[in-house]
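Computed over heavy atoms, backbone and side chain alike; hydrogens, waters and symmetry mates excluded.
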Amino acid sequence: MMAALLAEKRGYEPVVLHEELPVMCSSILGGLPGLPLNYFLDNVGFPLEDPRFYHSLSPSMIFLGEKWQLLGVPELRSGFSDLERTRWMPGFPTFQESLIPELFSGMKQEMARFQFPPSFTTKMFAWWHRYRFRRHELGLKKLLSSHPSSLREWLLFLEALKPFLGLSADSRSSVYSVRSLVALLNGWTSAPNNPLLYREVHKVASKNLKKAIRVWEGSPFLVRMEGRRKGIFIESQGKGERFDLLLDLSSELEVPSGMDRWEWTVSESSIPDVWPLQFLIPERGGMPSVLFQGNLAEDKEILYRITVRSTGEGNSFQAPLQVLDPLLLKALPPSPLPQAMKRPDPILQYSKEVLKSGWRIREPYLMTMGPIQRLMDPTRLPFLSDDWIRQLFYVLKFR
């Protein structure tokens, strides 16, 4: 619905089809002024600075590898000694002085081409900004591939984080994962207030969108292309409509396969107050890598969304206590036991002709083919980042 609000402001008349189920929205990484995520939330009327909708996570995460690393404390606790910084945040001064400006300057340049309706002048500058951004990203990949000393201590963390960002092991994705690392290190991490945010977005969308907002009733919609890719025909139960653009936000694409999701509710008193509510545990001892993301619920309970990266070697994940370090628990949490979440049924089914057509993969979150744009479902990703939002702006150009 937020994407539809942005589309409406850019000259589209969107029809929204959504599944009315409880959603655990992603943690938000980034959102500095002038960057895509902040600009997007400002545009649709739900600014990241509004404490009703988002709360900051500081510290943001603890990585439970061989060497524990705490992320998101520099701004919160500026009085850290050099020894503490070396222990918890190796290489952070180098990040602050050189790498951070480089990681985000190109993205700010590219965002300039998405901020104004098209004209002859803006089209010329759009080409220039796009060219500069691509050159800048190539330069960043070259810089990061050499593994500067400031990144050396974080390589194990980056490898563990990549799958939970929806990234493949391809080294070309290093820019995306390092940008997320910088956001986590700096405490640029927020968690959405899911129930309130959903209600308010639905209210605003129902009021402002000219076309309908429809609740999916469970029957899959068949998507087929009209001749010469002039439009898309979407039909269900013998009835259909023609559209000139489809933005599919309902799929995982092909990247994060092997991910399972669980929910686990524990007493707030079970987890020490000093620990952040996000734990990243790498693969070890025959167990898959696991990400815990907690939100404070009612009645002094913590609701964890747990994302498990299965190894494909028959290893099973049976309970969070298998992987959690005992130091993170004050006492053995009582029941209820964690529940595996059912994978959502597909809303859209593509015809054989569409599936055989040539999809263009725009790493890592976007696949396009003519008027069909498939953008990875952000509610299935543990993290929503500036890079995902940048690709949303690419799809929803002014018209």
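Ionic pairing of Arg399 and Asp244 is present here: one or more N-O contacts between side-chain nitrogen and carboxylate oxygen are shorter than 4.0 angstrom. The pair Asp386-Arg179 does not count as a salt bridge, with every side-chain nitrogen at least 4.0 angstrom from each carboxylate oxygen. Under 4.0 Å is where a charged nitrogen must lie from a carboxylate oxygen, and between Arg214 and Glu241 at least one such pair does. We find that Glu200 and Lys203 are joined by a salt bridge, their nearest charged nitrogen and carboxylate oxygen being less than 4.0 Å apart.
Hydrophobic clustering, defined by side-chain heavy atoms of Ile, Leu, Val, Met, Phe, Trp and Tyr closer than 4.5 Å, groups Met124 together with Phe120. Applying the 4.5 Å side-chain rule to ILVMFWY residues, one finds that Val215 remains a lone member of its cluster. Other residues sharing a hydrophobic cluster with Trp128 under the 4.5 Å side-chain heavy-atom criterion for ILVMFWY residues are Trp127, Tyr131.
Of all heavy-atom pairs spanning Leu161 and Ser177, the tightest one is CD2-O, 4.3 Å.
In this model, no donor atom of one side chain and acceptor atom of the other lie less than 3.5 Å apart for Arg224 and Tyr350. For the residue pair Ser27 / Gln278, a side-chain donor-acceptor distance below 3.5 Å is found, with atom types taken as modelled.
Taking the six-membered ring for Trp and thresholds of 30 and 60 degrees, Tyr304 and Phe292 have ring planes more than 60 degrees apart, a perpendicular arrangement.
Under the side chain to side chain donor-acceptor pair (under 3.5 Å) criterion, Thr122 pairs with Ser119, sequence neighbours left out. With sequence neighbours left out, the side chain to side chain contact (heavy atoms under 4.5 Å, CB included) criterion links Asp50 to Pro47, Arg52, Phe53.
Applying the salt bridge (Lys or Arg N to Asp or Glu O under 4.0 Å) test to pairs two or more places apart or on separate chains, none has a residue in residues 266-275.
Arg242 forms no cation-pi arrangement with Phe233, by the criterion of a distance under 6.0 Å to the ring centre and an angle within 45° of the ring axis.
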